J.: 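Below you will find the structure I want to go over with you.
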Amino acid sequence: MQNIVHQYFKKEFEDFIVLVQVNPVTYSGVELTVHKKGEVEKRKLNFDEDIFEDLAVDGFAESSSLEFNLYLKGLVK
């Protein structure tokens, strides 16, 4: 099995935060939408090779795996 280091991105909006996990080899990933009231929506996505440019243009900043996984596991409200 191949070891992969995912890349993480984040963008904050007025009422929610969007966190994105990207597998840089397969261009697959997970998007979390974290609402201010604590609700978390999860979507599995497939990206194309332009995903990193697209995220930059859309104003996403690099983020940490710890923050993403805390929200994913429901450990942050």
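Note that the structure is predicted; figures quoted are calculated from it, not measured. Index from 1, following the sequence. Computed over heavy atoms, backbone and side chain alike; hydrogens, waters and symmetry mates excluded.
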J.: With a 4.5 Å limit on heavy-atom distance, are the side chains of Leu55 and Val22 in contact?
T.: yes
J.: Quick one: closest heavy-atom pair of Val20 and Phe68, and the distance?
T.: C-CE1, 4.1 Å
J.: In Å, rounded to the nearest 0.5 Å, how long is the span from CD of Gln21 to CG of Leu45?
T.: 10.5 Å
J.: Would Val18 and Phe9 show up in the same hydrophobic cluster when neighbours are defined by side-chain heavy atoms closer than 4.5 Å?
T.: yes
J.: Looking only at atom types and distance, does a side-chain atom of Asn23 sit under 3.5 Å from a main-chain N or O of Thr26, one as donor and one as acceptor?
T.: yes
J.: Working note: Phe52 + Phe47, criterion side-chain contact (heavy atoms from CB on, under 4.5 Å); need CA distance, chi angles, decisive distance, verdict.
T.: CA-CA 9 Å; Phe52 301 110; Phe47 307 109; over 6 Å; no
J.: Within this structure, what is the CD-CZ distance for the pair Glu39 and Phe16, rounded to the nearest 0.5 Å?
T.: 12.0 Å
J.: Salt bridge check: are Glu31 and Lys42 linked by an N-O gap of less than 4.0 Å?
T.: no
J.: Using side-chain heavy atoms (C-beta onward) and a distance below 4.5 Å, is Asp54 in contact with Asp48?
T.: yes
J.: Kindly check if the number of other-residue, nucleotide or ligand heavy atoms within 6.0 Å of CD (Glu62) is above 12?
T.: no
J.: Yes or no on side-chain contact (heavy atoms from CB on, under 4.5 Å) for Ile51 and Phe60, after CA distance, side-chain angles and deciding distance?
T.: CA-CA 11 Å; Ile51 184 58; Phe60 280 80; over 6 Å; no
J.: Membership question, hydrophobic clusters at under 4.5 Å side-chain separation (ILVMFWY): are Leu75 and Tyr8 in the same one?
T.: yes
J.: Using the rule that two of Ile, Leu, Val, Met, Phe, Trp, Tyr join whenever any of their side-chain heavy atoms come within less than 4.5 Å, decide whether Val30 and Leu70 are in one cluster.
T.: yes
J.: If you measure from the Lys or Arg side-chain nitrogens to the Asp or Glu carboxylate oxygens, is any gap between Lys10 and Glu12 under 4.0 Å?
T.: yes
J.: Check the pair Leu19, Ser63 against side-chain contact (heavy atoms from CB on, under 4.5 Å), reporting the backbone distance first and the verdict last.
T.: CA-CA 8 Å; Leu19 297 140; Ser63 182; 4.0 Å; yes
J.: Do Asn46 and Tyr27 have side-chain heavy atoms sitting under 4.5 Å apart?
T.: no
J.: What heavy-atom pair brings Ile4 and Pro24 nearest, and what distance separates the two atoms?
T.: CG2-CD, 4.0 Å
